Amino acid sequence: MRMKAAVAYGVNQPLVVEEVELDPPHAGEVMVKLHATGVCHSDVHSLTGDLPREWPVLLGHEGAGEIVEVGEGVTRFEKGDHVILTFLPSCGKCRWCHTGEPTLCDLGQYLRTGKLLDGTSRLHRASDGQEINHFLFVSTFAEYTVAPEASLVKVASHLPLEKLCLLGCGFTTGFGAATNAAHIKPGETVTIVGCGGLGLSAIQGAALSGAGKIIAVDVHEEKLDLAKKFGATHTIVSRQNPKEVADQVMEITWGVGTDYSFEFVGGQETDDTARVAFKSIRKGGTMFMVGVGAIQKKTMPIDPYVMALWRKRIVGVLFGDSQFQADIPKYVDLYEQKKINLDDMVTKELRLDDINEAIDDILAGNRVARSVIRFS
Ligand code: CXF
Ligand code: ZN
């Protein structure tokens with residue numbers, strides 16, 4: 001079928017919104033009519049080359065929509081189901097899926113192939129048939145997508161998909177970092193470095209877990225205003241002086257440091273942000289590395305002397321260490337009960353034709369928490 005999609009052709013080139021031919025689902029796949037997709041910093045990192053891709057590629061990985069066709073052998077889903085597309089798949093069969101760690105699912109090894117699981121693409125440019133690469137199996141910057149059933153989570157059908165789409169990446173990553181990775185207990189203290197979509201979701205997770213001090217750090221004051229709205233108790237405008245930020249965290253916590261810190265920035269910035277997060281934790285505290293560093297950056301400036309003598313821990317977190325098939329429906333319930341706030345996370349809605357504006361907003365840094373592209 002023919003559809004409109006935003007195709008990326010090279011590093012830092014604007015996406016081209018054009019007609020793309022989408023093939024029907026093969027065995028184990030479904031076709032989804034997208035209702036909405038979030039625009040995540042990782043889409044932009046892919047465009048800037050920090051997370052390299054083969055071109056052309058159809059980006060987007062935080063989508064929600066309705067199933068319009070199921071491929072052979074698909075039993076978990078049927079036409080009309082509302083689904084979230086997740087940026088990681090879970091096969092439900094491998095060792096990791098069986099032991100409660102679906103973010104480590106063995107299918108993850110194929111995520112960077114640009115193809116679906118049988119090694120082929122369903123995407124071709126309508127004008128000349130040129131093959132287009134898939135992105136993380138879901139390619140949501142399009143009116144329709146074909147994805148493996150392993151990349152879908154079924155959700156209730158009476159809630160707004162233009163908000164629930166955030167559960168496919170950003171919200172689950174941030175909220176899960178606070179609730180699954182850190183298991184924050186009442187009264188514990190946290191430093192949140194980076195208050196975009198991930199950081200704001202972690203603040204919500206920390207607040208819902210009963211955290212005491214929630215110290216939000218960002219270079220942009222606008223983001224810290226939002227952080228307060230979601231439950232931050234203290235804010236620090238980072239002035240690119242890591243010592244100063246960590247010193248302020250120390251003052252706020254009476255010279256102790258916080259129990260946990262979270263790095264949510266990633267990309268090229270991690271020299272500063274990881275150092276701030278590391279310095280902000282207390283003796284025996286844990287820093288969670290959630291932002292994905294640029295692939296070219298192979299080191300982080302961490303003081304090994306302090307790490308050993310202060311018994312500090314650094315832990316990587318992927319997709320909020322969630323069991324996303326089970327957790328996403330729970331987050332849908334929390335949203336319905338107004339215990340989590342997705343509505344105010346979406347600070348801008350756009351149409352697909354304006355997708356480059358959404359990318360520019362992310363590059364600017366201070367304009368949006370999350371932008372969502374709506375298809376209907
Ligand atoms: C990222 C993680 C690194 C690869 C691209 C997707 N996750 C979510 O944004
Ligand atoms: Zn993402």
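One-based numbering, in listed order, for ligands and for the atoms of each. Keep in mind the model is a prediction, meaning the values are calculated, not measured.
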Check the orientation of H61 and F87. Use parallel for under 30°, tilted for 30 to 60°, and perpendicular for over 60°. perpendicular
Residue C40 vicinity, atoms of ligand 1 by number, heavy atom under 4.0 Å: 9 (O)
Please table the atom pairs, donor to acceptor, closer than 3.5 Å between any side-chain atom in residues 70-84 and protein atoms at least two apart or in another chain.
residue, atom, partner, partner atom, Å
R76, NH1, Q325, OE1, 3.4
R76, NH2, E149, O, 2.8
D81, OD2, E78, N, 2.8

Between H45 and ligand 1, which part of the residue brings a heavy atom under 4.0 Å of the ligand: side chain, backbone, both or neither? neither
Measure the acute angle between the ring planes of F324 and F319, then classify it against the limits of 30° and 60° as parallel, tilted or perpendicular. tilted
Sort out for me which residue in V57, V11, L59 forms a side chain to side chain contact (heavy atoms under 4.5 Å, CB included) with S46. L59
Select one of side chain, backbone, both or neither to describe which atoms of T173 lie under 4.0 Å from any atom of ligand 1, heavy atoms only. neither
When Ile, Leu, Val, Met, Phe, Trp and Tyr are grouped by side-chain heavy atoms lying under 4.5 Å apart, directly or through other members, which residues fall in the same group as W96? L104
Which residues and atoms, counting only protein N, O or S, are under 2.8 Å from the Zn ion (ligand 2)? C40 SG, H61 NE2, C169 SG
Counting each atom of ligand 1 from 1 as listed, which ones have a heavy atom of C169 under 4.0 Å away? 8 (C), 9 (O)
Got the closest protein heavy atom to atom 6 (C) of ligand 1, with its distance? L136 CD1, 3.7 Å
Should the ring pair F262 and Y260 be called parallel, tilted or perpendicular, given that the plane angle runs from 0 to 90° and is split at 30 and 60? tilted
Salt bridge or not between D271 and K297? Use side-chain N to carboxylate O under 4.0 Å. yes
Residue, atom and distance of the protein heavy atom nearest atom 7 (N) of ligand 1 read F87 CE1, 3.3 Å
Salt bridge check: are K115 and E54 linked by an N-O gap of less than 4.0 Å? no
Flag R53 as yes when one of its N or O atoms lies below 3.5 Å from any N or O atom of ligand 1, and as no otherwise. no
Within the 4.0 Å heavy-atom shell around V292, which atoms of ligand 1 are there? 2 (C), 3 (C)
Students should find that the hydrophobic cluster of V237, defined by side-chain heavy atoms under 4.5 Å apart, otherwise consists of L224
In plain terms, say whether D303 and K279 are close enough for a salt bridge, that is, a side-chain N and a carboxylate O under 4.0 Å apart. no
Give me the nearest non-hydrogen protein atom to atom 9 (O) of ligand 1 as residue plus atom name, then the distance to 0.1 Å. S42 OG, 2.5 Å
